[in-house]
Structure formats: structure tokens, C-alpha cells
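The structure appears below as C-alpha cells.
Remember, it's a predicted structure, so these values are computed and weren't measured experimentally.
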Amino acid sequence: SGSLRDPQRKNSSLRGKETMESIIIGIAGGSGSGKSTFTNRLKKHFGDDVVVIYHDNYYRRQDGIPFEERVKVNYDHPDSLETDLLVEHLKELKEGKTIQCPVYDYSQHNRSDKVLKIEPRPVILVEGILLLADPRIRDLLDIKVYVEADADERILRRISRDVEERGRDLNGIIDQYLTTVKPMHYLYVEPTRAKADIVINSGKNNVALDLFVSKIGQLLKELKKILAALTHLNTHPWDEGIAEIQISCGVYSLQDNLSKEKRMQMNTSTGKHLQFLTQMAMDSPVFKQLFRNYHNHYIQVESLVKQMAK
């Protein structure tokens with residue numbers, strides 16, 4: 001059991017005029033535990049606000065290894081995954097960049113030549129059995145989830161999935177489960193349960209889904225309100241009126257505060273946005289850092305423009 005907490009926004013930043021850092025949610029758990037079911041339910045609810053990345057797609061290329069040998073590889077060990085590339089891709093998505101995600105072919109036990117273009121979205125769901133085993137991944141996640149299920153349920157779901165969706169034969173599935181999946185689960189997967197912010201039993205847990213839908217919806221609403229306010233400021237001159245929010249965020253000291261007369265001169269539209277942003281700055285340390293980064297971004301751009309004009 002567990003509870004949803006506010007995500008730790010370690011490096012919140014505004015990456016330009018109309019983009020801001022995504023919320024990244026990691027969903028881990030044993031093979032066949034219901035991770036994909038839970039992930040797909042969230043994706044279905046939030047639609048285009050969500051993009052999904054599967055850790056499985058980052059299994060290493062094995063082009064020089066015969067198929068008979070690829071079948072025997074331990075795919076449940078952390079070394080079988082190119083997690084370095086996933087870390088790099090998550091950082092790029094946080095920066096507002098589009099990534100070229102590899103695509104894994106389960107029937108060939110190898111990465112295919114295809115790539116999947118993934119653009120940043122307000123919410124990024126990352127799923128995988130070993131997702132929480134790497135501290136670099138955990139540090140990039142705002143919310144860490146572990147989905148658990150009894151061993152007998154997991155093996156039955158795995159058999160059904162691998163036969164129907166991945167073109168595997170029954171004997172191969174059983175052999176792989178006994179030789180690698182089961183021992184690696186107890187060695188590497190189950191210990192990550194303690195790293196999760198919340199543990200749910202089954203991807204079909206409606207109470208857990210409702211909690212997540214509510215929490216993610218709340219975060220999305222806040223992100224979009226902040227984005228709308230900052231987008232408005234991008235269309236207005238960086239004049240004295242903006243100093244109101246700069247002071248609230250600690251960009252300027254109180255000695256630099258504007259006179260009441262100056263504040264009264266602000267136009268109504270800008271004034272409304274500044275009132276909202278000032279309240280956000282007082283209520284949210286996350287937003288305070290966000291605006292500081294936004295301010296620094298503006299100063300850098302302004303400096304660059306002046307240099308180019310010389």
C-alpha cells in the first residue's frame with residue numbers, strides 16, 4: 001500500500017516560450033503483474049496529454065548472435081537493457097526534444113531496424129520490470145509505482161501474452177520462466193518494491209486508478225494554468241510590471257520593489273496574470289524555481305540579441 005505524494009520537481013525549468021517540463025511517472029513490477037494494463041488505462045483516460053515509453057524497447061542489439069543463442073540470453077538481468085540510452089532519452093524529453101525510440105522485436109529476440117518518434121507530452125509514462133532498479137531512472141521520475149501480483153497469476157498472464165502477442169511457444173516460455181524470469185524477479189525486481197512511492201495490487205485496481213486520475217488531473221491543471229500565464233508574459237514587453245512576480249520569486253530583492261503608482265499603471269490583462277503568478281509564487285516552491293529559470297532564460301536571450309545587434 002502507499003499514497004500519492006507531490007512529485008519532486010528537482011530541475012523544473014521552462015524550455016522556451018510554450019513548453020515546460022513534463023511529469024514523468026514510472027510503472028514497475030514483475031512480468032505479468034498488470035503494469036501494461038494499468039499504463040494503458042491511464043493512457044486511455046488522458047489521451048494526447050500522455051505518451052508511453054517501454055523499457056523493453058531498450059533491450060540491447062544482438063545482430064551478431066545467432067537466433068539459437070539469443071533465445072538463451074537472460075533478458076531479466078539489468079545488463080540486458082541499454083538503460084543509458086533510456087536515461088538520455090528521458091532527459092531529452094524533459095528538455096522538450098523529440099526522441100527516436102528503438103523498437104524491440106520479441107519474436108526475434110532482437111531490436112528491430114524500426115524507430116518510434118516520440119514527442120514530449122505533459123505526462124510521460126515509463127514502464128518496465130527493472131525500471132526502479134537504476135538510481136538514474138529513479139531520479140528522473142516524479143512518481144514511482146510498483147504493481148504486484150501473486151506468482152501464479154503472473155506466470156499465467158505471461159504465458160497467455162507471450163503466445164498470443166509475441167509468437168512464443170509454450171515450452172520456451174516455461175523454460176525461460178524457470179531459468180531466468182523467476183530467479184531474476186526475486187533478485188532484482190521485487191527489491192525495487194521498496195523504492196516505489198505507491199504499491200498497487202493488480203493493474204485493474206479501480207481505486208488506485210481513480211487516485212492516479214485525480215492526482216494527474218490536478219497536476220495537469222496546474223501545469224496548464226502556469227503555462228498559459230507564462231505564455232501571456234511572452235507576448236508582452238519585459239517591463240516594470242513584471243518585477244512584481246520577480247520579487248515574489250526572489251529574483252529581485254524587496255528594495256527593488258515598485259511603487260504603488262507604478263503597479264497601478266499596469267494594464268488590466270497583465271495585472272490579472274501577475275496576480276495569479278504572484279499567488280502561485282507564494283504557494284508553490286516548484287513554481288518559484290520555475291520562474292527563476294524562466295527569468296534566467298529571458299536574460300540569456302536578451303543578451304544574445306544585443307550581441308547579435310553589435
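- Using a 4.5 Å heavy-atom threshold, the side chains of Ile27 and Val126 count as separate.
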Open item on the list: Walk me through whether Asp56 and Tyr75 qualify under side-chain hydrogen bond (donor to acceptor under 3.5 Å, both in side chains).
Closed with: CA-CA 9 Å; Asp56 281 8; Tyr75 293 100; over 6 Å; no
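- Note on Val71 and Met184: separate hydrophobic clusters, where clusters join Ile, Leu, Val, Met, Phe, Trp and Tyr whose side-chain heavy atoms are under 4.5 Å apart, directly or indirectly.
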Open item on the list: For a side-chain contact (heavy atoms from CB on, under 4.5 Å) check, start with the C-alpha distance between Val87 and Leu140, then their side-chain angles and the critical distance, and finish with the verdict.
Closed with: CA-CA 8 Å; Val87 170; Leu140 290 169; 4.1 Å; yes
TODO: Report the C-alpha distance between Thr98 and Lys117 in whole Å, list the side-chain angles of each, state the deciding distance to 0.1 Å, and finish with yes or no for side-chain contact (heavy atoms from CB on, under 4.5 Å).
DONE: CA-CA 7 Å; Thr98 298; Lys117 181 181 177 181; 3.6 Å; yes
- [ ] With side-chain contact (heavy atoms from CB on, under 4.5 Å) as the test, would you mind laying out the steps for Asn74 and Thr179 before giving the verdict?
- [x] CA-CA 8 Å; Asn74 183 355; Thr179 56; over 6 Å; no
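- The side-chain heavy atoms of Val73 and Tyr59, taken from C-beta on, include no pair separated by under 4.5 Å.
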Open item on the list: Run the salt bridge (charged side-chain N to carboxylate O under 4.0 Å, His left out) test on Glu82 and Arg111 for me, step by step, so that the C-alpha distance in whole Å, both residues' side-chain angles and the decisive distance to 0.1 Å come before the verdict.
Closed with: CA-CA 11 Å; Glu82 193 179 355; Arg111 190 180 293 182; 2.8 Å; yes
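- A heavy-atom distance below 4.5 Å is found between the side chains of Leu130 and Val189.
- The line from CG of Asp142 to OG of Ser22 is 9.0 Å long, rounded to the nearest 0.5 Å.
- Here the straight-line distance linking atom CD1 of Ile65 with atom CG of Asn110 works out to 8.0 Å at 0.5 Å rounding.
- A salt bridge is defined here as a Lys NZ or Arg NE, NH1 or NH2 lying under 4.0 Å from an Asp or Glu carboxylate O, and Asp79 with Arg60 fails to meet this definition.
- One N or O on the side chain of Ser33 and one on the backbone of Val147 form a donor-acceptor pair closer than 3.5 Å.
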- [ ] Determine, step by step, whether Tyr104 and Tyr54 satisfy the ring pair (Phe, Tyr, Trp, His ring centres under 6.0 Å) criterion, reporting the C-alpha distance in whole Å, the side-chain angles of both residues, the deciding distance to 0.1 Å, and the verdict.
- [x] CA-CA 10 Å; Tyr104 187 74; Tyr54 299 97; over 10 Å; no
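- When every heavy atom of Lys97 is checked against every heavy atom of Pro120, the shortest pair comes out as O-CD, 3.5 Å.
- Shortest non-hydrogen contact noted between Ile200 and Ala208 is CG2-CB, 3.5 Å.
- Connection of Val213 to Leu125 is established within a shared hydrophobic cluster, with ILVMFWY side chains joined at heavy-atom distances below 4.5 Å, either directly or through further cluster members.
- Distance check, rounded to the nearest 0.5 Å: CG of Leu116 to CD of Gln100 gives 8.5 Å.
- Inter-residue side-chain proximity for Tyr58 and Cys101 is flagged as met; some heavy-atom pair is nearer than 4.5 Å.
- Contact record, His185 with Pro191: O-CD, 4.0 Å, taken as the closest heavy-atom pair.
- The shortest side-chain heavy-atom distance between His55 and Leu81 falls under the 4.5 Å cut-off.
- Salt bridge annotation for Asp113-Arg61: present, with a cationic side-chain nitrogen under 4.0 angstrom from a carboxylate oxygen.
- Salt bridge Arg70/Glu68: absent, no basic N to carboxylate O contact under 4.0 Å.
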Task: side-chain contact (heavy atoms from CB on, under 4.5 Å) evaluation trace for Ile198 with Tyr146 - done: CA-CA 6 Å; Ile198 183 169; Tyr146 186 92; over 6 Å; no
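- When side chains are defined from C-beta on, Leu141 counts as touching Leu132, because their heavy atoms get closer than 4.5 Å.
- Side-chain contact between Ile216 and Phe46 is present, with at least one heavy-atom pair separated by less than 4.5 Å.
- The 12-atom threshold is exceeded at CG of Asp210, counting heavy atoms of other residues, nucleotides or ligands nearer than 6.0 Å.
- In this structure, CG on Asn205 lies 12.0 Å from OG1 on Thr37, to the nearest 0.5 angstrom.
- Counted within 6.0 Å of NZ on Lys43, heavy atoms from surrounding residues, nucleotides or ligands total more than 12; the atom is thus considered enclosed.
- The shortest non-hydrogen separation linking Asp76 to Tyr188 is O-CD1, 4.4 Å.
- Between Leu93 and Val51, every side-chain heavy-atom pair lies at or beyond the 4.5 Å cut-off.
- Hydrophobic cluster membership is shared by Ile124 and Val103, with clusters built from Ile, Leu, Val, Met, Phe, Trp and Tyr side chains linked at under 4.5 angstrom.
- Residues Arg41 and Asn206 have side chains that bring a donor and an acceptor to within less than 3.5 angstrom of each other.
- Taken to the nearest 0.5 Å, the CG atom of Leu131 stands 12.0 Å off from the CD1 atom of Ile25.
- Pairing each heavy atom of Pro122 with each of Leu220, the nearest pair is CB-CD2, 3.3 Å.
- In this structure, the separation between CD1 on Ile99 and CD1 on Ile118 is 4.5 Å, given to the nearest 0.5 Å.
- Classification of Lys144 and Asp197 as a salt-bridged pair holds, one side-chain N sitting under 4.0 Å from a carboxylate O.
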- [ ] Evaluate the criterion salt bridge (charged side-chain N to carboxylate O under 4.0 Å, His left out) for residue pair Lys72 and Asp175; output intermediate values, then yes/no.
- [x] CA-CA 10 Å; Lys72 301 175 184 178; Asp175 181 64; over 6 Å; no
